[in-house]
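A short worksheet on the structure shown next.
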Amino acid sequence: QVQLRESGGGLVQAGGSLRLSCTASTLGFGSYAMAWFRQAAGQEREFVAGISWKGGATYYADSVKGRFTISRDDVIATVYLQMNSLKPEDTAVYFCAAQFRAPIASVVRETELNAWGPGTQVTVSS
């Protein structure tokens, strides 16, 4: 079972940027589709961004499209989420998730992902 751990969260002012990292402790990381989700206080967890296990395809929630970028480095088994132009409504705990050879279309559904990190808090002040 792949183990994931997020880092890079913190407090930032609106309009600022943060880069989240998620490192996996597994061989064959390149065969895992990866995704970022977030959960704001009192709300359900929602999909943010996904990247295919070959890295050629990405997918974003409409709320972050054009502001966030997901990428991966299979050599160091890490997936990133570059977050620019942050808004207070981006405040949430951010989770990374993985599924072995999942099609990109499936990573938007958290039930399709069977490995999750503990999350990292992102707080955007107005």
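Every heavy atom of this structure was used, including side-chain atoms; hydrogens, water molecules and symmetry mates were not. All of these numbers come straight from a predicted model, not from anything done at the bench.
- A pairwise comparison of heavy atoms in Ala24 and Leu4 identifies CB-CD2, 3.6 Å as the closest pair.
- Shown here for Glu6 and Cys96, the closest heavy-atom pair between the two residues is OE2-N, 2.9 Å.
- Cation-pi contact between Arg72 and Phe29: present, with separation from the ring centre below 6.0 Å and deviation from the ring axis of at most 45°.
- Within 6.0 Å of atom CD in Glu44, 12 or fewer heavy atoms from other residues, nucleotides or ligands are found, so the atom counts as exposed in its surroundings.
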| task | Please step through salt bridge (charged side-chain N to carboxylate O under 4.0 Å, His left out) for the pair Lys87 and Asp90, ending with a clear verdict. | result | CA-CA 5 Å; Lys87 305 174 182 180; Asp90 294 318; over 6 Å; no
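- Rounded to the nearest 0.5 angstrom, Cys22 SG and Trp36 CH2 are separated by 5.0 Å.
- Closest heavy-atom contact between Tyr60 and Ala49: CD2-CB, 3.6 Å.
- Grouping the Ile, Leu, Val, Met, Phe, Trp and Tyr side chains by contacts below 4.5 angstrom, directly or via other members, places Met34 apart from Val75.
- Take Asp73 and apply the salt bridge (charged side-chain N to carboxylate O under 4.0 Å, His left out) test, not counting sequence neighbours, and it matches no residue.
- For the atom pair CZ of Arg101 and NZ of Lys54, the computed distance is 8.5 Å after rounding to the nearest 0.5 Å.
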| Step by step, would you call Val12 with Met83 a side-chain contact (heavy atoms from CB on, under 4.5 Å)? | CA-CA 11 Å; Val12 64; Met83 306 186 295; over 6 Å; no
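- Surrounding CD1 of Ile76 are more than 12 heavy atoms belonging to other residues, nucleotides or ligands, all under 6.0 Å away.
- The distance from atom OG of Ser31 to atom CD of Gln99, rounded to the nearest 0.5 Å, is 12.0 Å.
- Glu46 contributes no side-chain N or O that, together with a main-chain N or O of Ala40, makes up a donor-acceptor pair within less than 3.5 Å.
- Here the CG atom belonging to Leu81 is positioned 7.5 Å from the OH atom belonging to Tyr94, to the nearest 0.5 angstrom.
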| request: Applying side-chain contact (heavy atoms from CB on, under 4.5 Å), run through Gln121 and Thr91 and close with a yes or a no. | output: CA-CA 8 Å; Gln121 176 71 46; Thr91 295; 4.0 Å; yes
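- Hydrophobic clustering (ILVMFWY, side-chain heavy atoms < 4.5 Å, transitive): Leu11 and Leu86 are in distinct clusters.
- With side-chain heavy atoms closer than 4.5 Å counting as contact, directly or through intermediates, the hydrophobic cluster containing Ile104 also holds Phe37, Phe47, Tyr59, Val93, Phe95, Val107, Val108, Leu113, Trp116.
- Closest approach of Ala92 to Arg38, counting heavy atoms only: CB-CB, 3.8 Å.
- How far CZ of Phe68 is from CG of Leu20: 8.0 Å, rounded to the nearest 0.5 Å.
- In this structure, Pro88 and Ser126 approach most closely via the heavy-atom pair CG-CB, 3.8 Å.
- Atom OG1 of residue Thr69 and atom CG of residue Asn84 lie 6.5 Å apart, to the nearest 0.5 angstrom.
- Under a hydrophobic-cluster definition in which Ile, Leu, Val, Met, Phe, Trp and Tyr are linked whenever side-chain heavy atoms come within less than 4.5 Å, directly or via other members, Tyr80 and Val48 are assigned to different clusters.
- Ser52 contributes a side-chain N or O that, together with a main-chain N or O of Ala57, makes up a donor-acceptor pair within less than 3.5 Å.
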